[in-house]
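Encoded as C-alpha cells, the structure appears first; notes follow it.
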Amino acid sequence: MRGAAYAGLVMVLALSGCDDVTSYTSAAEKIRRTRTAVIGTKWDQPGIGWKAGFSAPQGFDVDVARYIVGRLAGGQVKITWRESASSQREALLQNGTVDLVVASYSITPARTTRVTFAGPYVISPQDTLVRADDRRITSTSDLAGKRICLAEGSNSYRRITDPPPDGLLDLPATLVKASNYSDCVRKLAAGRLDAVSTESFVLAGYADQDPGKFRLLNDPVSIEYYGVGIRKGDLATCQAVNQAITRMWRDGTATRLLRKWFGKTGLDLPTSMPRLQSCR
C-alpha cells in the first residue's frame, strides 16, 4: 500500500512539473501546447505596466504581451502575470520562472549576453522628468551637478553620467539610489533628488498620473529599443515572437495600443514598425 502511495506521489510530482518551460524545446512550444503562459511585466509603471490590488496588471506592455502570446498559442491562452523588476528580469528568465518578459526592457549589448531578445516592438526616446516648479533645469545639460535617480537594475542613468561607450553625456552628477522608478518619482516629488531619466513612455505615464506635478524636458538623450526578453538561446521562440510583432504592426494593433495608452500624453508616437534585430 505504501509502495502504491509513493508511486502515486511520484506521478503527481512529475506531472506538476510538465508545464515548466524547460520541459519543452522552447517557450513558444510550451505556450502553444498548454495554452498557458507566464509573463513578466512591470507592476509599478503607469501606462506601461501597473497593478492595483488583486486585479491583473494593465498597460501598453501588458496588452502587447497578451497579443503576442495569443499569436503564439493560436487562440485563447491563460496568462499568469509575474512582477519583473528591472533588477530581476534576467534571473526570472534564466531560472524558468517566466516564459517571456515584456517590461520596458531595453535591448543593450550587455543584456544580449544573458538574454535572447525578440523585437524591438517599439522605440522610445530617453527623456528626463523634473518637478514642474523647478526652473533650474530646462535642458539635459542642466543636469550637471544635480541629483539623478539610479533605479536598481536600470542602465538609463549611464546615458547621462558615463562617458562613451556606455554613456553619452559624461555629466558630473550625484546618483540617488531607488528600488524602482516609482520610488524614483516619489523621491523626486519629495525633493530628495532633482531628475529622473529613462524612456519617455515610462516618464509620461508618471506625469499623466499626477497632472501638474512634473514636466518632461522634451530633450531626448538617446533612443531606446524595447524588446521581448526570452531565455538565452531560445531562438525558435524569438523567431515566433518576431512574427507576432510584425503581425501586430501590420494589422494596426500596435498603433491602436500606443494611442490607447499614450494618446493624451503629448508624446510623438511611433507610426511604423521598428526594424527587427536578428535572433541570437
Side-chain angles (χ1 to χ4, degrees), residues 17 19-42 45 48-49 60-74 77 79-124 126 152-156 158 165-166 198-199 201-202 222-249 254 273-280:
D19 283 350
D20 190 279
V21 66
T22 57
S23 302
Y24 298 89
T25 58
S26 70
E29 181 198 9
K30 180 253 183 180
I31 292 169
R32 178 179 57 82
R33 289 178 59 181
T34 67
R35 297 296 181 92
T36 65
V38 183
I39 306 299
T41 61
K42 292 293 180 67
Q45 294 181 349
I48 292 288
F60 175 72
D61 277 356
V62 175
D63 284 349
V64 167
R66 283 197 178 99
Y67 182 94
I68 288 172
V69 297
R71 296 298 303 177
L72 295 183
V77 56
I79 301 176
T80 299
W81 303 100
R82 300 284 187 188
E83 184 175 16
S84 296
S86 297
S87 60
Q88 299 172 345
R89 290 175 297 201
E90 283 87 2
L92 292 172
L93 287 167
Q94 290 167 354
N95 63 26
T97 300
V98 299
D99 301 316
L100 305 173
V101 170
V102 188
S104 56
Y105 206 177
S106 294
I107 303 172
T108 67
R111 287 170 178 163
T112 55
T113 65
R114 304 184 296 272
V115 174
T116 289
F117 282 102
Y121 57 90
V122 76
I123 294 175
S124 173
Q126 177 176 329
E152 186 177 357
S154 174
N155 293 315
S156 295
R158 294 186 182 277
D166 294 329
T198 191
E199 297 85 32
F201 288 142
V202 174
S222 65
I223 299 297
E224 302 300 314
Y225 300 81
Y226 279 5
V228 177
I230 302 165
R231 192 171 186 177
K232 184 64 177 175
D234 187 353
L235 303 187
T237 297
C238 178
Q239 291 162 1
V241 171
N242 276 345
Q243 291 174 1
I245 291 171
T246 300
R247 180 66 176 266
M248 181 176 69
W249 276 96
M273 185 180 80
R275 183 177 179 179
L276 299 179
Q277 300 188 9
S278 60
C279 296
R280 59 185 187 274

ask   = Quick one: does Lys30's side chain get under 4.5 Å of Leu72's, heavy atoms only?
value = no
note = Heavy-atom nearest pair, Ile39 first then Ala65, reads CG2-CB, 3.8 Å
request  = Please step through side-chain contact (heavy atoms from CB on, under 4.5 Å) for the pair Gln94 and Arg114, ending with a clear verdict.
outcome  = CA-CA 8 Å; Gln94 290 167 354; Arg114 304 184 296 272; 3.7 Å; yes
ask   = Between Tyr67 and Ala244, what is the shortest heavy-atom contact and its length?
value = CE2-O, 3.4 Å
query = When rounded to the nearest 0.5 angstrom, what is the spacing between OG1 in Thr34 and CG in Asp99?
reply = 7.5 Å
remark   = The reported gap from CZ in Arg82 to CG in Leu100 (rounded to nearest 0.5 angstrom) is 14.0 Å
query = If you measure from CD on Glu90 to CG on Asn95, what distance do you get to the nearest 0.5 Å?
reply = 11.5 Å
note = Heavy-atom nearest pair, Thr198 first then Ser156, reads OG1-OG, 3.0 Å
Side chains of Ser222 and Glu224, donor plus acceptor under 3.5 Å = yes
query = Distance from Leu92 atom CG to Ser84 atom OG, nearest 0.5 Å?
reply = 4.5 Å
note = OH (Tyr24) and CD1 (Ile31) are apart, to the nearest 0.5 Å, by 11.0 Å
query = Is there a donor-acceptor pair closer than 3.5 Å between any side-chain N or O of Arg89 and the backbone N or O of Val101?
reply = no
query = Would a 4.5 Å heavy-atom cut-off, applied to side chains only, mark Tyr225 and Ser124 as touching?
reply = no
remark   = Heavy-atom closest pair (Ala118 atom, Ile230 atom, distance to 0.1 Å) is CB-CD1, 3.9 Å
query = With side chains defined as the heavy atoms from C-beta onward, is the minimum distance between Gln277 and Ile107 less than 4.5 Å?
reply = yes
request  = Using distance alone, with no hydrogens and no angle criterion, decide if Gln45 and Ser104 have a side-chain donor and acceptor under 3.5 Å apart.
outcome  = yes
request  = Please check if any side-chain donor atom of Asp61 sits under 3.5 Å from a side-chain acceptor atom of Tyr121, or the reverse.
outcome  = yes
query = With no hydrogens and no angle check, do the side chains of Lys42 and Ser86 hold a donor and an acceptor under 3.5 Å apart?
reply = yes
message = Looking at every non-hydrogen atom in both residues, tell me the closest pair between Ala37 and Val69 and how far apart they are.
response = CB-CG1, 4.1 Å
key: From CA spacing to verdict: side-chain contact (heavy atoms from CB on, under 4.5 Å), Thr116, Arg231   = CA-CA 6 Å; Thr116 289; Arg231 192 171 186 177; over 6 Å; no
key: Closest non-hydrogen atom pair, Pro274 against Pro120   = CG-O, 3.2 Å
query = Can you tell me if Thr237 uses its side chain to pair, donor with acceptor, with the backbone of Asp234 under 3.5 Å?
reply = no
query = Any side-chain donor-acceptor pair under 3.5 Å between Thr25 and Glu29?
reply = yes
ask   = What do the steps show when you test Asp63 against Arg66 for salt bridge (charged side-chain N to carboxylate O under 4.0 Å, His left out), and what is the final call?
value = CA-CA 5 Å; Asp63 284 349; Arg66 283 197 178 99; 3.2 Å; yes
message = When you compare the side chains of Thr41 and Glu83, does any donor N or O come within less than 3.5 Å of an acceptor on the partner?
response = no
task = Begin with the C-alpha distance, continue with both residues' side-chain angles, and end with the deciding distance and a verdict on side-chain contact (heavy atoms from CB on, under 4.5 Å) for Trp81 and Val38.
result = CA-CA 6 Å; Trp81 303 100; Val38 183; over 6 Å; no
query = Is the Tyr105-Phe117 ring centre distance short of 6.0 angstrom?
reply = yes
key: Donor + acceptor pair across side chains of Tyr226, Glu199 (<3.5 Å)   = yes
message = If I take atom CD from residue Gln239 and atom CG from residue Leu276, how far apart are they, to the nearest 0.5 angstrom?
response = 11.5 Å
query = Step by step, would you call Ile245 with Ile68 a side-chain contact (heavy atoms from CB on, under 4.5 Å)?
reply = CA-CA 7 Å; Ile245 291 171; Ile68 288 172; 4.2 Å; yes
request  = Decide yes or no for Asn155 and Ser106: does some side-chain heavy atom of the first lie under 4.5 Å from some side-chain heavy atom of the second?
outcome  = no
